Protein chains: 2
Amino acid sequence: MALSVGELGVEDSRADILRAAAACFLERGYAVTSIDDVARALGATKGRIYHHFPSKADLFAEVFRTGIDMIYAAIAPCRDMPGPAVERWKKMATIHVRLMIDTKSFQRAVWEGVEMHLRGSTTPQQRDVFGKLLEDRTKYGNIFRETIAEAQREGAMRFANLSIANQLMFMTLNSPIFWYTPRDGETSEDIDRIVEQVVAYALGGLGATEGTV
Amino acid sequence: MALSVGELGVEDSRADILRAAAACFLERGYAVTSIDDVARALGATKGRIYHHFPSKADLFAEVFRTGIDMIYAAIAPCRDMPGPAVERWKKMATIHVRLMIDTKSFQRAVWEGVEMHLRGSTTPQQRDVFGKLLEDRTKYGNIFRETIAEAQREGAMRFANLSIANQLMFMTLNSPIFWYTPRDGETSEDIDRIVEQVVAYALGGLGATEGTV
DNA sequence: TGATGAACATACTACCGGGTATGTTGTCAA
DNA sequence: TTGACAACATACCCGGTAGTATGTTCATCA
């Protein structure tokens, strides 16, 4: 598989399809997006997509998996960070929100995938494929959940119910996938400001004790 | 239009359809839900639905409008409440969250309607119908927005950016439409506890000054 | 250099779902 | 009593889309 200069390999072609699919799913939603839409966005036809992915559902599943893998990998370094749980949480939350913005289309697909699974609008076979993927997603969620539980035990956070607090926290941290849109001339530092505000809001919501902030 | 005992009028029939449609849209989403699905949920056929609503989009628009009307009417009494803005906000937020839970299916449709409009996945004619409805939705949003702005001026809240704070606040207050599911044996007071936690989280997120809580 | 298969494009099929056209039943008013 | 209309049910049409079957091109390798 020798490649000339400027040519693209198979994986690049797959990656292009995944990016285009994620963008389409973001713009229209999974159900409304047709395979032809994705192909058109690529300047190609269905043949190319079905050559790499067996079905629309599998294509979506791959976008989903990609989104989860990215975010999972991003916070991995923080997991055994020393120091108080709040500090670890702040680091994780910051990375999480930043990634929600930077990989918005994929993360939006993850959200829709979770919704689809909860609503059970998947075929039986797709259902356990998604089940596997959601296991990772759940594991990821539990990392945060345990962290805020630990922070509460350390007296750095205060909330009544862990499950509800966890839900609200994730809603906050994920929310940029709904309302963030890039401005022209926006720098990476501008985005950092946004991330800071989201994290600060979540921190306040979780009842962070004054002084730990 | 004399009605015998136990019979239902036209408006009741319409209302039944709207409730069934809202329930279906909640379970599957607008795009995936077919008119036959709604009809089946009613133990009826398409004929009944198309007799009352000209199209699927119009049916959805009516569900959407109903959701907005309900919430708009609910907080109306609070709008000229005397006292500090934070207190007014707490009252409004509490009513809002409670209604999100009590009329979850309709409010979920409102959410999806906003998404659809933002993504532009509506026909040109439906687009200005939705435009009208979204005006009310925007006006509703502005009531909250102005309230937290006022609360900040009064020194009862502290946040960096009003728009972002407003987005995060609404994400929090609306979030029960995604994660709340009724438990068996759950009392109205149990739900009040949940509402309190959601409101408390948002209050903390908005940087409510200690002592005003 | 010819054969083989990857990486697509093109042409086609099958089905589902929105919408419509047409029946059917009950009620009310004249 | 009957005609008219509301309130549906039934039967049908048709466009769009997932998926398939079949070309076509080009690189690689024996």
Side-chain angles (χ1 to χ4, degrees), chain A residues 1-21 24-25 27-63 112 116 121-127 129, chain B residues 1-21 24-25 27-63 112 116 121-127 129:
Chain A
M1 184 172 295
L3 296 177
S4 312
V5 187
E7 281 188 355
L8 299 173
V10 186
E11 285 311 310
D12 298 285
S13 182
R14 264 183 67 100
D16 281 344
I17 296 175
L18 287 177
R19 267 193 301 271
C24 290
F25 293 150
E27 279 185 38
R28 304 280 183 179
Y30 172 73
V32 181
T33 300
S34 71
I35 296 288
D36 292 295
D37 288 336
V38 180
R40 196 175 309 121
L42 285 164
T45 64
K46 306 167 79 149
R48 178 172 173 192
I49 296 175
Y50 277 105
H51 180 73
H52 290 278
F53 303 92
S55 73
K56 183 185 175 184
D58 284 280
L59 172 60
F60 180 78
E62 272 300 300
V63 173
E112 198 174 354
M116 284 170 58
S121 51
T122 43
T123 67
Q125 28 179 349
Q126 296 299 336
R127 190 152 181 79
V129 174
Chain B
M1 186 168 293
L3 296 177
S4 313
V5 187
E7 280 189 355
L8 299 173
V10 187
E11 287 310 311
D12 298 285
S13 183
R14 264 183 66 101
D16 281 344
I17 295 175
L18 287 177
R19 269 193 299 272
C24 289
F25 293 150
E27 280 185 38
R28 305 280 183 177
Y30 172 74
V32 181
T33 300
S34 71
I35 297 288
D36 292 295
D37 287 336
V38 180
R40 197 174 309 123
L42 285 165
T45 64
K46 306 167 81 151
R48 178 171 172 192
I49 296 175
Y50 278 103
H51 180 73
H52 291 278
F53 303 91
S55 73
K56 183 186 176 185
D58 285 279
L59 172 60
F60 181 77
E62 271 301 299
V63 173
E112 198 173 354
M116 284 170 58
S121 52
T122 42
T123 67
Q125 27 180 350
Q126 296 300 334
R127 188 149 182 82
V129 175

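The figures here come from the full heavy-atom set of this structure, side chains too, leaving out hydrogens, waters and symmetry mates. All of these numbers come straight from a predicted model, not from anything done at the bench. So that the names make sense, note that chain A is the first sequence line, chain B the second, and so on, each numbered from 1.
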Looking just at side-chain N and O atoms, do A/S13 and A/D16 make a donor-acceptor pair shorter than 3.5 Å?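 The answer is no; no qualifying pair exists.
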
task: Return the residues of residues 37-47 of chain A meeting this criterion: a heavy atom under 4.0 Å from some atom of DNA chain C. Order them by number, or give none.
output: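 Correct list: A/A44, A/T45, A/G47.
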
Whole-Å distance separating the [atom1] atom of [X] from the [atom2] atom of [N]:
X	N	atom1	atom2	result
B/H51	C/dG19	NE2	C1'	16 Å
B/I49	D/dA9	CD1	P	9 Å
A/Y50	D/dA21	OH	P	13 Å
B/K56	D/dG16	NZ	C1'	13 Å
A/F53	C/dA7	CZ	P	12 Å
A/D58	D/dG19	CG	P	9 Å
A/D12	C/dA7	CG	P	12 Å
A/D36	D/dT20	CG	C1'	14 Å

Verify, without hydrogens or angle tests, whether [X] (side chain) and [Y] (backbone) share a donor-acceptor contact under 3.5 angstrom.
X	Y	result
A/D37	A/S34	yes
A/E62	A/L18	no
A/T33	A/C24	yes

| query | Just how far is it from atom NE2 of B/H52 to atom CG of B/L59, taken to the nearest 0.5 Å? | reply |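 Rounded to the nearest 0.5 Å, the NE2-CG separation comes out at 11.0 Å.
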
Gap between atom CZ of B/R19 and atom CZ of B/R14 - 0.5 Å precision:
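If I round to the nearest 0.5 Å, the distance is 12.5 Å.
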
With a cut-off of less than 4.0 Å, is there a side-chain N or O of A/S13 near OP1 or OP2 of C/dC8?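 Yes.
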
Closer than 4.0 Å, any side-chain N/O of B/H52 to the OP1 or OP2 of D/dA6?
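Result: no.
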
Task: Heavy-atom closest pair, residues B/F25 and B/E112 - done: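 For B/F25 versus B/E112, the nearest heavy atoms are O-OE1, 4.1 Å.
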
With sequence neighbours excluded, tell me which residues meet side-chain contact (heavy atoms from CB on, under 4.5 Å) with B/T45.
->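 In terms of side-chain contact (heavy atoms from CB on, under 4.5 Å), with neighbours along the sequence ignored, B/T45 is linked to no residue.
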
Quiz item: Is it true that the NZ or CZ of B/K56 lies under 6.0 Å from the centre of B/Y50's six-membered ring and within 45 degrees of the ring axis?
Solution: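 Here B/K56 fails the 6.0 Å and 45° test against B/Y50.
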
Writing each nucleotide of DNA chain D 5' to 3' as (, ), [, ], | or . by Watson-Crick or G-U pairing under 3.5 Å yields ||||||||||||||||||||||||||||||

Which of the following nucleotides, C/dG19, D/dA18, D/dC8, is nearest to the side chain of B/S55?
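Among the listed nucleotides, the one closest to the side chain of B/S55 is C/dG19.
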
